[in-house]
2 protein chains.
Amino acid sequence: MPRTIGERSDAIPALAEVFRTHGFDGASLSLIGAATGLGKGSLYNFFPGGKEEMAQAVLDEIDGWFRREVFTPLREAKEPRQGIREMFQVVDRYFHSGRRVCLIGAFALGDSRDRFAACVAAYFAEWVDALAEALRRAGSGRAEARAQAEDTVAAIQGALVLARAADDRAVFGRIMRRQELLLLRK
Amino acid sequence: MPRTIGERSDAIPALAEVFRTHGFDGASLSLIGAATGLGKGSLYNFFPGGKEEMAQAVLDEIDGWFRREVFTPLREAKEPRQGIREMFQVVDRYFHSGRRVCLIGAFALGDSRDRFAACVAAYFAEWVDALAEALRRAGSGRAEARAQAEDTVAAIQGALVLARAADDRAVFGRIMRRQELLLLRK
DNA sequence: GTCTATAAAGCGATAGAC
DNA sequence: GTCTATCGCTTTATAGAC
């Protein structure tokens, strides 16, 4: 998180943190102001569309990050099985081993789903697609690869729910490890 | 949903619907009043603790329902494998094949987790416990049964996230069916 | 017991000084 | 470009009429 906010994108990490912690409705402008160190004037200067534009900017940033660090590597990995192993590593790091919630998953379950429906749907669809392609290249049939990919993305999201519910990140690690074994066995 | 509200418990289904649809923060008293057909006077007469007491009453009702319809049957089923099959059926019906969100899962990911932390943690812990016992009775070792139970509850929660994200309940059915096969194969 | 009116606080958003 | 003050509205919650 940058110490000084010089441009719009500098505020995104703090914004993401606030939305993850408090949800869209719970993230008030005063909380956002405190987290970013910006007054309302500056916030509306960077984000004329207000809170909705702030959340959209965070979602776009997350989408770009996953595209760059997860989806594309999955699709382009020379060794698909190795690519899948690396996906689990990157995802575990991203979610801080289950301590950090998936903002897009939380938006999917919450009241803000309709507002950001397209973004939310596209994120999960692309994750499933990219993983299915890697699995197909690793030897699974087309239909089986899709099924395995769907199960895996669901397992990760479910693991985040359970980890946060139990306030115990060990749950997340266990589910991730078993899902990786299930996917790469044989 | 009862047509007339004569006592506190008559309002619970409508309350649950509002919290599921709008989340805790998004469920304003005016929405709650419209959904229940009750004025604020009546609401505060039934729930002196306000919104928090309303949500807690809903969580208690859900907890009781799952205990009665899912956890206890799992533990007491004469045929544990058949009991597990029935769990999948009951859960599919409860979540309207993925169209209905798990309020406790949504609270776990959302801003209201801290407020209802004990309730949320207990719900998932008991589900995993009950399913693990059934799996153990069906022949799994103690550790393996726990792992399978954890994976299954996570798969169900993840399936709800994906179904809601894609606005496609078919996803939910597919993941549930595959998880059931995985659990009961051999 | 249920309504309407109202209180007090917080909200998102805007305007204007600097 | 960033601040403070403020608008208009909604929120939860309460008070008092009936």
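When reading the values below, keep in mind they use all heavy atoms of this one structure, side chains included, and skip hydrogens, waters and symmetry mates. Throughout, protein chains are lettered first and strands after them, A, B, ... in sequence-line order, and every chain is numbered starting at 1.
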Between which nucleotides of DNA chain D, 5' to 3', does chain B make heavy-atom contacts below 4.0 Å?
dT11(D) to dT14(D)
What is the distance, to the nearest angstrom, from the CZ atom on Phe24(A) to the P atom on dG12(C)?
9 Å
If I take atom CG in residue Leu29(B) and atom P in nucleotide dC11(C), what distance separates them, rounded to the nearest angstrom?
16 Å
Taking the nucleotide of DNA chain C with the nearest heavy atom to each, does Pro48(A) or Leu31(A) sit closer to the 5' end?
Leu31(A)
Testing the 3.5 Å rule here: is there a donor-acceptor pair between the side chains of Glu86(B) and Gln82(B)?
yes
Given 3.5 Å as the limit, does a donor-acceptor pair link the side chain of Ser42(A) with the main chain of Leu38(A), or not?
no
Please give, in whole Å, the distance from dG10(C) P to Lys40(A) NZ?
12 Å
Parallel, tilted or perpendicular: rings of Phe66(A) and Phe95(A) (30°, 60°):
tilted
Parallel, tilted or perpendicular for Tyr94(A) and Trp65(A), by the 30°/60° rule?
tilted
Does any residue of residues 50-59 of chain A have a heavy atom under 4.0 Å from DNA chain C, and if so, which ones, in number order?
Gly50(A), Lys51(A)
In terms of side-chain geometry, is the basic nitrogen of Asp151(B) or Arg174(A) positioned less than 4.0 Å from the acidic oxygen of its partner?
no
Between Phe71(B) and Trp127(B), how do the two ring planes meet: parallel, tilted or perpendicular, split at 30° and 60°?
tilted
Tell me if a side-chain donor or acceptor on Arg137(A) pairs with a main-chain N or O of Ala77(A) at a distance below 3.5 Å.
yes
Under the side chain to side chain contact (heavy atoms under 4.5 Å, CB included) test against Phe46(A), which residue among Glu53(A), Met54(A), Arg8(A) passes?
Arg8(A)
